[in-house]
Amino acid sequence: MKKIGLYCFGNDLRLHDNPALLQASQSVDTLICIAIIDPKQLMPNRYGLMSLGVHRKRFLKQSLIALNNQLLRIGQQLHVIIDQPMDAIAKLITLYDINVVYSTKHVGFYESTYWQLLQKRYRSINFKQYHSHTIFNSSQLPFDLSDLPASFTSFKKKIEPIDVPAPVHSVTHLPPEPADNKNSALQGVTLLDSDVFCQSSDGEDCIEEFQGGENNALLHTQQYFSSQLPKSYKQVRNALEGWDNSTKLSAWLANGCLSPRAVIDKLKHYEATVDKNDSTYWILFELLWREYFQWYAQCYGVKLFYLSGIKNKKPLTSFYAERFKRWCLGATPYPIVNACMKQLNATGYMSNRGRQLVASCFVHELGLDWRYGAAYFEQQLIDYDVAANWGNWQYLAGVGADPRGSRQFNLDKQAHTYDPEGVFVRKWHGEVTLSAHVLDSVDAADWPIQ
């Protein structure tokens with residue numbers, strides 16, 4: 001009996017260090033490769049925002065096209081399907097008598113839930129998931145997931161002594177599609193022409209270096225670790241702008257065009273052949289922060305999206321529509337915040353320092369429900385990662401992993417430290433307009449404030 005496999009691409013849009021795809025290449029006779037876009041991502045969510053904003057769509061489109069081109073070179077192709085994931089996979093299982101379904105483990109609560117439901121529905125089918133969006137496998141953790149350390153510092157102490165798994169070799173061949181391909185079921189989306197991707201950020205100030213796809217990810221990684229930049233990373237990482245002031249790997253990592261283990265492999269080689277210092281260690285330190293949030297999301301599940309976070313204590317907050325709109329547009333009384341938000345809206349990217357400042361302002365100065373800020377980042381950021389985004393927002397709002405509680409930044413002091421001459425604020429037109437000097441023109445019930 002022939003084994004017919006289904007491979008579901010998600011946050012693993014690559015051929016290198018992809019153990020799930022490698023296993024599929026060795027284990028089935030025929031294979032169907034799909035990527036599913038849930039229609040919910042293309043409609044306003046509970047916060048009145050889009051999950052996939054213009055910049056995220058652009059980067060995702062580039063990444064999917066690049067993946068399809070790579071698959072074509074090794075005898076396969078990518079079918080992009082717009083459907084609810086449960087329904088899409090169920091249809092294909094029925095049409096093609098699928099024996100085994102492969103994917104990379106996704107840490108998101110909803111993604112994990114539909115995978116578990118499929119396993120219960122189709123008990124005769126093998127569902128195989130592998131870890132490659134994280135550095136470590138679940139079996140390597142020196143604790144049960146339910147006993148995840150309550151702080152990053154404790155997590156780091158436990159996880160640092162563990163050897164990082166070596167990246168698996170790139171997939172160089174794949175089994176063909178079934179000969180009796182029922183084409184209508186796999187029409188999917190023509191990536192270049194689909195209405196899904198018709199919106200474009202052309203004409204906006206997007207960062208040209210951020211081009212989706214595995215080849216671009218590997219090229220940038222190679223260029224970065226072939227330079228002198230890693231050994232000064234810690235000194236410049238807090239800059240508000242500048243391509244060379246951070247690794248700029250986050251967008252490719254988030255979309256799965258780049259493996260975190262491949263990055264660490266390059267980092268180790270750099271430390272062995274060029275230099276090993278506090279800055280090179282700090283690159284690993286940041287990757288471990290990312291790792292912590294991946295397991296944090298798996299540990300706490302749907303609590304990642306609760307107002308009370310993991311603390312079960314709701315913060316004192318409200319929702320002021322006008323304040324939220326001003327924050328989104330960069331029209332607050334705080335120039336550094338305005339500049340960062342306008343940079344985000346124009347490019348789909350913001351520095352780590354900027355993200356902390358605008359989140360602190362959102363929670364403390366504006367007194368808003370932190371989840372709306374997290375949802376806006378989800379819409380805008382090309383490097384959106386569900387675990388890192390919502391975990392970091394919980395951290396800043398005082399309902400997450402920070403043992404000190406919520407963190408408030410002195411915005412004037414931060415601006416003086418990181419933009420002392422006001423160059424960044426002027427570039428992004430963050431100056432406070434006359435109308436923005438007063439925070440509210442109406443109260444919470446939309447009554448005019450005299």
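Throughout, numbering of the chain's residues begins at 1 and tracks the sequence. Nothing here was measured: the structure is a model prediction, and the numbers come from that model.
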Whether over 12 other heavy atoms sit under 6.0 Å from E160 CD: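 Count over threshold, so yes.
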Over 12 foreign heavy atoms within 6.0 Å of NZ, K276: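 Incorrect, the count does not exceed 12.
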Where do [X] and [Y] come nearest, in terms of heavy atoms and distance?
X	Y	result
A217	C257	CB-O, 3.7 Å
R14	L258	NH1-O, 3.8 Å
A262	D17	N-OD2, 4.5 Å
L366	Y320	O-CD1, 4.4 Å
L13	F9	CD2-CB, 3.9 Å
A387	A297	CB-CB, 3.6 Å

Between the side chains of [X] and [Y], is a donor N or O closer than 3.5 angstrom to an acceptor N or O?
X	Y	value
T134	Q294	no
E209	H220	no
S360	Q408	no

Residue that, paired with F152, satisfies ring-ring contact (aromatic ring centres under 6.0 Å, His included) out of F285, F293, Y296: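 Looking at F285, F293, Y296, the match for F152 under the ring-ring contact (aromatic ring centres under 6.0 Å, His included) is F285.
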Criterion ring-ring contact (aromatic ring centres under 6.0 Å, His included) against W393, the qualifying member of Y376, F377, F305, Y384: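 The passing option is F377.
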Sole residue of I34, L21, V100, V101 in side chain to side chain contact (heavy atoms under 4.5 Å, CB included) with Y7: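 In the set I34, L21, V100, V101, the residue that makes a side chain to side chain contact (heavy atoms under 4.5 Å, CB included) with Y7 is L21.
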Does the plane of the ring in [X] sit parallel, tilted or perpendicular to the ring in [Y]? Use 30° and 60° as the thresholds.
X	Y	result
W295	H131	tilted
H106	H133	parallel
F59	W252	tilted

Is the shortest side-chain heavy-atom distance between [X] and [Y] below 4.5 Å?
X	Y	value
N18	V168	no
L267	P230	no
I283	L249	no

Indicate, with yes or no, if the rings of [X] and [Y] have centres closer together than 6.0 Å.
X	Y	value
Y372	W327	no
Y233	W282	no
W370	F362	no

Tell me which donor-acceptor pairs under 3.5 Å the side chains of residues 35-53 have, and how far apart each pair is, sequence neighbours excluded?
residue	atom	partner	partner atom	Å
D38	OD1	K40	N	3.0
N45	OD1	Y47	N	2.9
N45	OD1	G48	N	3.4
N45	OD1	L49	N	3.1
N45	ND2	L49	O	3.2
S51	OG	E378	OE2	3.3

Report yes or no: does [X] contribute a side-chain atom to a donor-acceptor pair with the main-chain N or O of [Y] at less than 3.5 Å?
X	Y	result
K105	S112	no
Q62	G212	yes
Y270	S227	yes
N277	S279	yes
N338	G430	yes
E214	L15	yes
K128	S103	no

R326 bridged to E322 by N-O distance under 4.0 Å: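 Counted as a salt bridge, because a side-chain N and a carboxylate O are separated by less than 4.0 Å.
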D383 and R355 ion-paired at < 4.0 Å: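 Salt bridge between D383 and R355, a charged N being under 4.0 Å from a carboxylate O: yes.
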Which residues share a ring-ring contact (aromatic ring centres under 6.0 Å, His included) with Y306, sequence neighbours left out: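 ring-ring contact (aromatic ring centres under 6.0 Å, His included) list for Y306, sorted by chain: empty.
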